[in-house]
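Shown next, in structure tokens, is the structure this report addresses.
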Protein chains: 2
Amino acid sequence: MTGDRSMCRVTAGDVARAAGVSESAVSRTFTPGASASARTRERVLKAAEQLGYRPNFIARSLRARRTNLVGVLITDFENPWPQMALRHLVSALQARGFHALLFDVEDADSLAGIVPLVLQYQVDGLIVGAADVSAAIVETCSATGTPIVAFGRHGRRRLGISSVASDDAAAGAGVADLLFERGYRRFAYVAGEGGSLTWNSRGRGFVRRAAALGLDPVQRHLSGETSYEAGGRAAARLLGRLPRPDAVFCQNDVLALGFLDGARDDFGLNVPADLAVVGFDDIPAAGHRPYRLTTVRQPVDAMMDATAELLARRLEEAAGQGEERLLPTRLVERATVRPG
Amino acid sequence: MTGDRSMCRVTAGDVARAAGVSESAVSRTFTPGASASARTRERVLKAAEQLGYRPNFIARSLRARRTNLVGVLITDFENPWPQMALRHLVSALQARGFHALLFDVEDADSLAGIVPLVLQYQVDGLIVGAADVSAAIVETCSATGTPIVAFGRHGRRRLGISSVASDDAAAGAGVADLLFERGYRRFAYVAGEGGSLTWNSRGRGFVRRAAALGLDPVQRHLSGETSYEAGGRAAARLLGRLPRPDAVFCQNDVLALGFLDGARDDFGLNVPADLAVVGFDDIPAAGHRPYRLTTVRQPVDAMMDATAELLARRLEEAAGQGEERLLPTRLVERATVRPG
DNA sequence: GCAAATTTTGCATTCGATTGCAAAATTCTC
DNA sequence: GAGAATTTTGCAATCGAATGCAAAATTTGC
């Protein structure tokens with residue numbers, strides 16, 4: 001009998017009958033701020049309790065034109081950082097009364113294809129992580145008036161998109177400063193893929209500051225993907241030819257870990273004496289004893305909270321430009337850069 | 001104007017007017033299997049295209065009493081394995097036309113509190129990961145006829161709950177066999193928390209096989225949580241007193257990694273010569289060069305696919321007992337156990 | 001070309017809760 | 001205690017799509 005879905009559903013009408021009031025009274029009892037006398041409220045609550053009634057969100061959403069559902073679209077799902085981000089995001093949304101409708105997006109292209117589907121669920125908003133929001137998507141969403149908040153990278157504010165990101169440019173510059181101060185002089189930057197605004201700002205801040213410090217141009221390597229293995233390949237490439245860099249900044253920790261292991265195992269380099277390696281994100285493995293990776297910590301928790309907040313704000317004051325929030329990072333010094 | 005949600009919503013009525021047909025015709029065009037002539041269908045499709053119409057899932061769900069929404073409840077959200085699992089689960093659900101409504105559950109106790117909220121969204125089913133499903137939850141769900149599928153651990157089939165898990169008992173026994181065959185004799189088992197069925201079967205299979213092999217009783221250590229740091233603490237405890245175990249099986253990779261680093265750094269042990277360490281899950285870091293951890297791989301992909309499948313099945317053939325699916329694991333031999 | 005069988009169509013109702021409006025009940029004032 | 005002001009209440013309509021039913025249109029058979 002467990003599975004008979006049709007029979008056991010308790011509606012407001014049932015409660016109304018049991019409590020001897022109208023359906024409206026039941027509805028008002030469950031609508032904060034609605035006018036209902038204490039006596040009615042009490043009777044309704046008792047009847048509801050007995051019958052196990054809870055308002056049907058689907059019906060409520062239909063009438064209220066508001067679902068409290070937020071579509072969450074994440075592309076880089078297999079990487080640790082987006083996963084950490086997701087966890088905090090879900091909490092932050094829950095704390096604000098929203099709920100996450102989660103979609104896995106294979107690649108950036110399929111994002112545009114999934115958006116219409118998400119909109120069919122009448123989500124109140126969309127949160128897009130670690131992916132570029134194309135103009136097509138913006139158009140689709142603005143047709144239904146659904147706000148978008150991006151996290152992990154900026155851009156498209158003009159189109160009404162809010163976004164939250166860490167201050168990658170400043171972080172990149174900070175890494176350059178640190179490495180310079182500790183006596184490293186030949187810098188390299190390892191990126192996963194091209195095209196991303198964040199990666200660009202991360203690397204750009206680094207490259208610019210290096211130039212400002214009067215160093216030789218930073219060697220750049222594009223690994224094609226952000227994985228441990230790709231980090232190892234990057235090491236093989238960058239360290240295999242002279243002049244060899246003596247300090248490498250990687251676009252994220254996973255790459256940095258791969259690079260670090262490659263540098264040590266395949267080239268017998270001593271880190272941090274011969275080579276400095278700096279990552280980005282501060283994933284759990286970065287703190288493991290074989291690594292002790294010096295890295296840039298993104299304030300995941302604060303970022304995701306800001307993301308939820310910007311969405312909530314967008315929902316209140318409908319129109320207008322998007323808001324961009326830039327959060328400061330923190331340099332976590334461990335053991336892959338010489339101490340000062 | 002972007003944010004004006006009320007104005008831009010296209011309904012079936014709008015399309016009907018534009019196409020010169022009735023609302024029903026529009027509905028039927030978008031309902032596979034409904035009867036509509038080719039000519040009508042074509043006109044509707046054209047009008048819909050022009051207006052950018054897509055059926056409202058909320059309205060459809062209300063009428064159809066089916067949302068295609070699945071509540072996904074995960075407790076162990078910060079650990080790598082549940083994260084991997086989540087990713088595959090979302091894909092598997094998407095492939096079957098379901099969508100994941102994701103909830104972060106602080107601890108096992110708050111699970112029961114969240115379930116009623118999830119049910120208010122009229123989810124078609126619930127998927128619970130890495131947590132015990134209490135009787136209270138089962139009761140709440142059976143009142144609405146919502147099926148539950150658990151993954152990561154078994155139990156409660158009688159109550160109509162389907163579940164998917166890897167064959168942990170067999171895996172534990174297999175680890176014991178491997179270690180014995182490679183000449184290790186003093187076994188220890190490190191668990192994170194007590195109480196869990198899976199952990200028990202993982203450890204139980206190991207302990208039992210060790211006994212069957214005529215070995216001394218397996219030392220057990222309960223670390224209280226499953227983290228890298230807890231693994232290190234377990235190493236300090238277990239290796240700090242004699243007789244010291246020469247083979248340690250950890251409940252998961254994160255613990256194993258912590259244990260391994262503790263054994264090497266704090267005790268100067270040579271792994272695998274002096275000590276064998278075996279983990280469980282095969283998370284990405286287990287394959288990293290400083291670790292090369294011998295471990296048991298759970299078939300995440302297959303498990304999550306089975307989870308989605310069991311849910312789908314539960315939805316079709318409503319009633320009856322739950323189904324339990326046990327998937328085989330694979331021993332991944334790397335470098336923390338002596339080669340044979 | 002006519003009747004029978006089939007398909008297509010639109011009307012009206014339904015899903016479950018919310019809400020504007022006006023009537024009814026309560027509270028307040030003097 | 002009468003009348004004004006306020007609160008509470010129920011009715012009926014609404015949100016957007018799906019569907020049983022019967023009428024209308026089409027196809028089929030001869």
Side-chain angles (χ1 to χ4, degrees), chain A residues 5-45 47-48 51-69 119-124 144-145, chain B residues 5-45 47-48 51-69 119-124 144-145:
Chain A
R5 299 173 58 78
S6 55
M7 102 189 171
C8 334
R9 204 164 248 108
V10 182
T11 74
D14 299 331
V15 177
R17 217 169 307 120
V21 296
S22 75
E23 249 181 87
S24 329
V26 177
S27 170
R28 285 193 256 257
T29 301
F30 287 96
T31 307
S35 97
S37 71
R39 208 167 57 97
T40 308
R41 181 160 269 137
E42 200 186 333
R43 279 157 95 193
V44 169
L45 249 23
L51 294 161
Y53 169 79
R54 311 214 85 198
N56 179 328
F57 280 170
I58 295 297
R60 171 182 292 183
S61 298
L62 180 59
R63 179 76 233 258
R65 297 148 149 276
R66 175 162 184 163
T67 54
N68 289 320
L69 249 31
L119 292 178
Q120 289 195 270
Y121 276 108
Q122 314 296 118
V123 293
D124 290 342
T144 56
Chain B
R5 299 173 58 79
S6 56
M7 102 190 172
C8 335
R9 204 164 247 107
V10 182
T11 74
D14 299 332
V15 177
R17 216 168 306 119
V21 296
S22 75
E23 249 181 87
S24 329
V26 177
S27 170
R28 286 193 256 257
T29 303
F30 286 96
T31 306
S35 96
S37 71
R39 207 168 56 98
T40 308
R41 181 160 270 136
E42 199 186 334
R43 278 157 93 193
V44 169
L45 251 22
L51 294 161
Y53 169 80
R54 313 214 84 198
N56 179 328
F57 280 170
I58 296 297
R60 172 181 292 185
S61 297
L62 180 60
R63 180 76 234 260
R65 297 149 149 275
R66 175 160 184 163
T67 54
N68 288 321
L69 249 31
L119 291 178
Q120 289 196 271
Y121 276 108
Q122 314 297 116
V123 294
D124 289 343
T144 56

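Here is how names work: the chains are called A, B, and so on, in the same order as the sequence lines, proteins then strands, and each is numbered from 1.
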Among C:dA17, C:dC15, D:dA17, the nucleotide that comes nearest once only the side chain of B:Ser27 is considered:
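Of C:dA17, C:dC15, D:dA17, D:dA17 is nearest to the side chain of B:Ser27.
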Taking only the side-chain heavy atoms of A:Thr31 (C-beta and beyond), determine which of D:dG16, C:dG16, C:dT19 contains the nearest atom.
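It is C:dT19.
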In whole angstrom, what separates [X]'s [atom1] from [N]'s [atom2]?
X	N	atom1	atom2	result
B:Ile58	D:dG16	CD1	P	12 Å
B:Asn56	C:dG16	CG	P	17 Å
B:Gln120	C:dA17	CD	C1'	12 Å
A:Arg9	C:dT14	CZ	P	18 Å
A:Arg54	C:dA17	CZ	C1'	15 Å
B:Asp14	D:dA17	CG	C1'	13 Å
A:Leu62	D:dA17	CG	P	9 Å
A:Arg43	D:dG10	CZ	C1'	14 Å

Residue-phosphate contact under 4.0 Å: A:Arg60 side-chain N/O, C:dT18 OP1/OP2:
yes
Is A:Tyr53 close enough to C:dG16 that one of its side-chain N or O atoms is under 4.0 Å from OP1 or OP2 there?
no
Donor-acceptor contacts under 3.5 Å from residues 12-24 of chain A side chains, at least two apart:
{"from": "A:Asp14", "atom 1": "OD2", "to": "A:Thr11", "atom 2": "N", "distance (Å)": "2.9"}
{"from": "A:Ser22", "atom 1": "OG", "to": "A:Ser24", "atom 2": "N", "distance (Å)": "3.3"}
{"from": "A:Ser22", "atom 1": "OG", "to": "A:Ala25", "atom 2": "N", "distance (Å)": "3.3"}

Could I get a table of every N or O pair under 3.5 Å where one atom is in the protein and the other is in nucleotides 5-10 of chain C?
{"from": "C:dT9", "atom 1": "OP1", "to": "B:Ser37", "atom 2": "OG", "distance (Å)": "2.9"}
{"from": "C:dT9", "atom 1": "OP1", "to": "B:Thr40", "atom 2": "OG1", "distance (Å)": "2.0"}
{"from": "C:dT9", "atom 1": "OP2", "to": "B:Ser37", "atom 2": "N", "distance (Å)": "2.9"}
{"from": "C:dT9", "atom 1": "OP2", "to": "B:Thr40", "atom 2": "OG1", "distance (Å)": "3.2"}
{"from": "C:dG10", "atom 1": "OP2", "to": "B:Ser22", "atom 2": "N", "distance (Å)": "3.0"}
{"from": "C:dG10", "atom 1": "OP2", "to": "B:Ser22", "atom 2": "OG", "distance (Å)": "2.8"}
{"from": "C:dG10", "atom 1": "N7", "to": "B:Arg28", "atom 2": "NH2", "distance (Å)": "2.7"}
{"from": "C:dG10", "atom 1": "O6", "to": "B:Arg28", "atom 2": "NH2", "distance (Å)": "3.0"}

Using ring-ring contact (aromatic ring centres under 6.0 Å, His included) as the criterion, list what pairs up with B:Tyr121, not counting sequence neighbours.
A:Phe57, A:His99
Does the side chain of B:Arg9 come within less than 4.5 Å of A:Arg65's, by heavy atoms?
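When only atoms from C-beta onward are counted, B:Arg9 and A:Arg65 do touch, with a gap below 4.5 Å.
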Does the side chain of A:Val44 come within less than 4.5 Å of A:Phe30's, by heavy atoms?
yes
Enumerate the side-chain hydrogen bond (donor to acceptor under 3.5 Å, both in side chains) contacts for residues 28-37 of chain A, please, sequence neighbours excluded, ordered by first and then second residue.
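Counting only pairs at least two positions apart or across chains, the side-chain hydrogen bond (donor to acceptor under 3.5 Å, both in side chains) contacts touching residues 28-37 of chain A are A:Ser37-A:Thr40.
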Using a heavy-atom cut-off of 4.0 Å across all strands, would you classify B:Ala12 as base, sugar-phosphate, or nothing?
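It contacts sugar-phosphate atoms only.
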Can you check whether any acceptor in the base of D:dT14 is under 3.5 Å from a donor in the side chain of A:Arg63, or vice versa?
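Indeed, a donor on one side and an acceptor on the other fall under 3.5 Å apart.
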Can you name the salt bridge (charged side-chain N to carboxylate O under 4.0 Å, His left out) partners of B:Arg54, sequence neighbours left out?
none
Output all residues satisfying side chain to side chain donor-acceptor pair (under 3.5 Å) with A:Asn68, sequence neighbours left out; order by chain, then residue number.
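For A:Asn68, the residues satisfying side chain to side chain donor-acceptor pair (under 3.5 Å) (neighbours in sequence not counted) are A:Arg66.
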